[in-house]
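Remarks on the structure that follows.
All of these numbers come straight from a predicted model, not from anything done at the bench. By convention in this document, chain letters (A, B, ...) are assigned in the order of the sequence lines, proteins followed by strands, and residues within each chain are numbered from 1.
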2 protein chains.
Amino acid sequence: MVYKYDLEDKVLLAVDCIIFGFDEEDLKILLIKRDFEPQKGNWSLMGGFLQKKENLDQAANRILYHLTGINDIYLEQLYTFSEVDRDPAERTISTAYYALINAKDHENVLSSDFSAKWFSISDFPDLIFDHPEMIEKAMKRLRRRVSTKPIGFELLPEKFTMRQLQKLYEAILGTPLDKRNFINKINSLDILVKLDEKDMSSSRKGSYLYKFDTEKYQQKISEGFSFKL
Amino acid sequence: MVYKYDLEDKVLLAVDCIIFGFDEEDLKILLIKRDFEPQKGNWSLMGGFLQKKENLDQAANRILYHLTGINDIYLEQLYTFSEVDRDPAERTISTAYYALINAKDHENVLSSDFSAKWFSISDFPDLIFDHPEMIEKAMKRLRRRVSTKPIGFELLPEKFTMRQLQKLYEAILGTPLDKRNFINKINSLDILVKLDEKDMSSSRKGSYLYKFDTEKYQQKISEGFSFKL
DNA sequence: TTGTTAAGTGTAATAAAAACATTTCAAATA
DNA sequence: TATTTGAAATGTTTTTATTACACTTAACAA
C-alpha cells in the first residue's frame with residue numbers, strides 16, 4: 001500500500017442495508033421513505049455513514065438499530081459500490097450489507113415510529129441512486145448463500161413448519177420444489193428438531209413444528225459436515 | 001441513506017490487490033517490498049488510494065498497472081476491510097481485489113524495474129496490517145469461483161495442456177484429482193479447442209495443446225449453459 | 001530392439017437427484 | 001355419528017452424475 005496520498009482524496013463512506021424478510025409466501029425488503037433532501041420523498045435502502053470510531057460491521061448494525069430498533073440480526077457484507085457519480089450531490093462510496101430478519105417476530109418493533117415499509121421483492125417502488133443494483137446483487141448472493149449455509153432460518157420464526165421452510169426456499173430460489181424430495185433432503189441433514197407441537201392454522205390436521213438445532217449444527221460442522229441443499 | 005454527516009468522518013479508501021499467478025505446480029502471489037515508511041522493508045500486497053475521479057475497479061487497474069506494467073487482467077472485488085486500527089498510523093479502509101495473471105506471458109514485464117516478487121501461496125513472508133487475512137479470503141473466493149466460472153484459464157498461457165490445467169485446479173483446490181475423470185469432465189463442458197500442436201517439453205510423446213474458446217463459451221452461456229466443475 | 005516416461009483412453013460401480021401417488025388425520029358438516 | 005373435506009405425511013423407482021480404476025500408445029534414448 002503506497003503512502004503518498006492527497007487529503008483531497010478522502011471520501012465519505014456510506015453503508016446501505018438490504019433487509020430481507022419473509023411473510024407467508026413472499027420474500028420482502030424493507031425500505032424507507034426519505035424525509036430529507038436530496039431525493040426527499042423517494043424510497044431508499046436504509047443507510048448512514050461510517051463513523052471514525054467504528055468498523056463497517058458495527059456501522060451496519062448501528063444503522064439498522066437506529067432505523068428499526070432491531071438488534072442482533074444476521075448481517076453480511078455484500079459489495080462496495082463506488083461509481084464516481086452514483087450520488088450526484090457528493091462523492092460517496094457505499095458498502096452494501098444485507099440482513100435477514102424474522103419479520104413476524106419484529107412486527108411491533110417495526111411499527112409506526114419508523115417510516116419503514118415492507119415491499120415484495122418482485123414489486124417495489126423506484127429507488128434512489130444505485131440501490132436497485134444493490135438489491136439485485138443481494139438477491140443473487142442470498143440465492144447462492146442459502147444453499148451452502150443454513151441462514152434461511154434467520155427469516156423464519158423460531159418454530160416453523162416444513163411447508164413454511166419449503167415456501168421460503170421456493171421464494172428465494174424462484175423455483176417450485178418437490179415436497180417429498182425437499183423434506184427428505186432436509187431430514188437427511190439432521191439439523192432440525194421436530195417438536196411435539198403442531199401449527200393448526202393452515203389445515204384441520206395441523207402440521208408439526210420444527211426448530212433449527214444450532215448446537216447440533218455447530219457440532220456437525222466441527223466434525224467436517226458441510227450443509228448443502 | 002441519511003445525509004447528515006460529519007466531515008470528520010471522511011476516510012482514506014485504499015485498494016489492495018492480491019495477485020495470483022501459476023507456475024508449473026504452484027499457485028503464487030505477487031508481493032512488493034515497501035521502500036517507504038511506515039513498515040519500510042516489509043512485504044505487502046500492492047496497494048494505493050482511491051482517487052476522487054475514479055471508481056474502485058479503475059483504481060485497482062491503475063495500481064496494478066503502475067506497479068507491474070500489466071494491463072487488462074482479470075480483477076474482482078473481494079471485500080472491504082475496515083477494522084478501526086487495521087492501519088496503526090491512520091484510519092484507512094481498504095477494499096481488496098484479487099487478480100489473476102498469466103505469469104509466464106508477463107515474466108519480462110515483471111522484471112527488475114518493479115520491486116515485486118512471486119511467492120508460493122504456501123510459503124510467503126510476514127505481511128503488514130491485515131494483508132494475510134486478505135489473502136486467505138481471496139484464496140477462499142478463488143476456490144469457490146473456479147468451479148463455477150472458467151476463470152482458471154486466466155492463470156494459464158493461451159495454449160496449455162490438459163495436465164497443466166489439472167495441476168492448476170489441484171493447486172487451487174488443494175486436492176489431487178483423477179486424471180481421467182478430470183479430462184472427461186472438461187471435455188464434456190465442450191469449451192476448449194484441441195490444437196494440432198503438441199507441447200514436447202514434458203514428455204517424449206508430447207501432449208496436445210488446448211485453447212479456451214471464448215466465443216463458444218459465451219454462446220453456450222447465452223443458451224443457458226452453466227459452467228460447473 | 002528394447003527401455004523409459006508421460007500421454008491418452010473407457011467402463012463399471014456407487015451415490016445423488018428427480019419423478020411420482022396414496023394414505024392419514026382432525027375438524028366441519030350432513 | 002357417518003361422511004366429507006383439505007392439507008399433511010410418507011417411500012420407491014428411475015435417471016443422472018460422480019467416482020474408482022488399469023492398460024496401451026507415442027516418441028525418443030540407450
Side-chain angles (χ1 to χ4, degrees), chain A residues 24-25 143-144 146-148 150 156-157 159-211 220 224-229, chain B residues 24-25 143-144 146-148 150 156-157 159-211 220 224-229:
Chain A
E24 311 298 327
E25 313 251 312
R143 260 198 264 271
R144 262 184 293 129
V146 94
S147 47
T148 55
L156 292 174
K159 300 172 181 181
F160 51 86
T161 67
M162 278 289 183
R163 185 42 60 98
Q164 281 177 287
L165 186 61
Q166 185 184 338
K167 295 257 186 235
L168 170 65
Y169 270 86
E170 289 177 332
I172 294 175
L173 300 175
T175 100
L177 299 171
D178 179 89
K179 177 167 60 159
R180 279 176 293 184
N181 290 342
F182 182 78
I183 292 175
N184 289 343
K185 193 70 208 276
I186 294 286
N187 282 333
S188 75
L189 296 175
D190 188 29
I191 51 173
L192 297 187
V193 279
K194 185 177 190 169
L195 306 176
D196 278 337
E197 208 177 326
K198 282 186 162 189
D199 167 30
M200 300 308 292
S201 67
S202 64
S203 75
R204 308 192 204 296
K205 187 179 177 180
S207 59
Y208 281 104
L209 289 165
Y210 290 78
K211 254 166 64 172
K220 297 191 78 145
F225 163 83
S226 92
F227 179 93
K228 195 89 210 28
L229 200 105
Chain B
E24 310 299 327
E25 313 252 310
R143 261 199 264 269
R144 263 184 292 128
V146 96
S147 47
T148 56
L156 293 175
K159 301 172 181 180
F160 50 86
T161 67
M162 279 289 182
R163 185 44 58 97
Q164 281 177 288
L165 186 61
Q166 185 185 338
K167 295 257 186 235
L168 170 65
Y169 270 86
E170 289 178 331
I172 294 175
L173 300 174
T175 98
L177 299 172
D178 179 89
K179 176 168 59 159
R180 278 178 292 184
N181 291 341
F182 182 78
I183 292 176
N184 288 342
K185 193 69 206 275
I186 294 286
N187 281 333
S188 76
L189 296 175
D190 188 29
I191 51 173
L192 296 188
V193 278
K194 185 176 189 169
L195 306 176
D196 278 337
E197 206 177 327
K198 282 186 161 189
D199 167 29
M200 301 308 292
S201 68
S202 64
S203 74
R204 310 193 201 294
K205 187 180 177 181
S207 59
Y208 281 104
L209 288 165
Y210 290 79
K211 253 167 63 172
K220 298 191 78 146
F225 164 82
S226 93
F227 180 94
K228 195 89 212 22
L229 200 106

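- For the pair Leu165(A) CG and dA9(D) C1', the interatomic distance rounds to 16 Å; values are reported in whole Å.
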ask   = Quick one: what's the B/S/- string for nucleotides 22-30 of chain C, heavy-atom cutoff under 4.0 Å, read 5' to 3'?
value = --BBBBS--

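- Side-chain atoms of Gln164(B) and Lys167(B), non-hydrogen and from C-beta on, never get closer than 4.5 Å to each other.
- When rounded to the nearest whole Å, the span between CG of Asp178(A) and P of dA17(C) equals 14 Å.
- Nucleotide dA8(D) holds its C1' atom 12 Å from the CE atom of Met162(A), rounded to whole Å.
- Looking only at side-chain heavy atoms (C-beta outward), Lys211(B) and Leu192(B) stay at 4.5 Å or farther from each other.
- Within 6.0 Å of OH on Tyr208(B) lie no more than 12 heavy atoms contributed by other residues, nucleotides or ligands.
- Protein atom CG of Leu229(A) is 11 Å distant from nucleotide atom P of dA18(C), rounded to whole Å.
- Leu209(B) pairs in a side-chain contact (heavy atoms from CB on, under 4.5 Å) with only one of the listed residues (Asp199(B), Asp196(B), Val193(B)), which is Asp199(B).
- Heavy-atom distances under 4.0 Å link DNA chain D to Arg180(B), Asn181(B), Lys185(B) of residues 180-188 of chain B, given in residue order.
- A donor-acceptor pair is defined here as one N or O able to donate and one able to accept, closer than 3.5 Å; such a pair exists between the side chain of Lys198(A) and the backbone of Lys205(A).
- Note on residues 168-187 of chain B: pairs passing ring pair (Phe, Tyr, Trp, His ring centres under 6.0 Å), not counting sequence neighbours, are Tyr169(B)-Phe182(B).
- Geometric assessment of Lys194(A) against the ring of Tyr210(A) yields a negative cation-pi assignment under the 6.0 Å and 45° thresholds.
- Scanning both residues, Met162(B) and Ile186(B), for their nearest heavy atoms gives CE-CG2, 3.8 Å.
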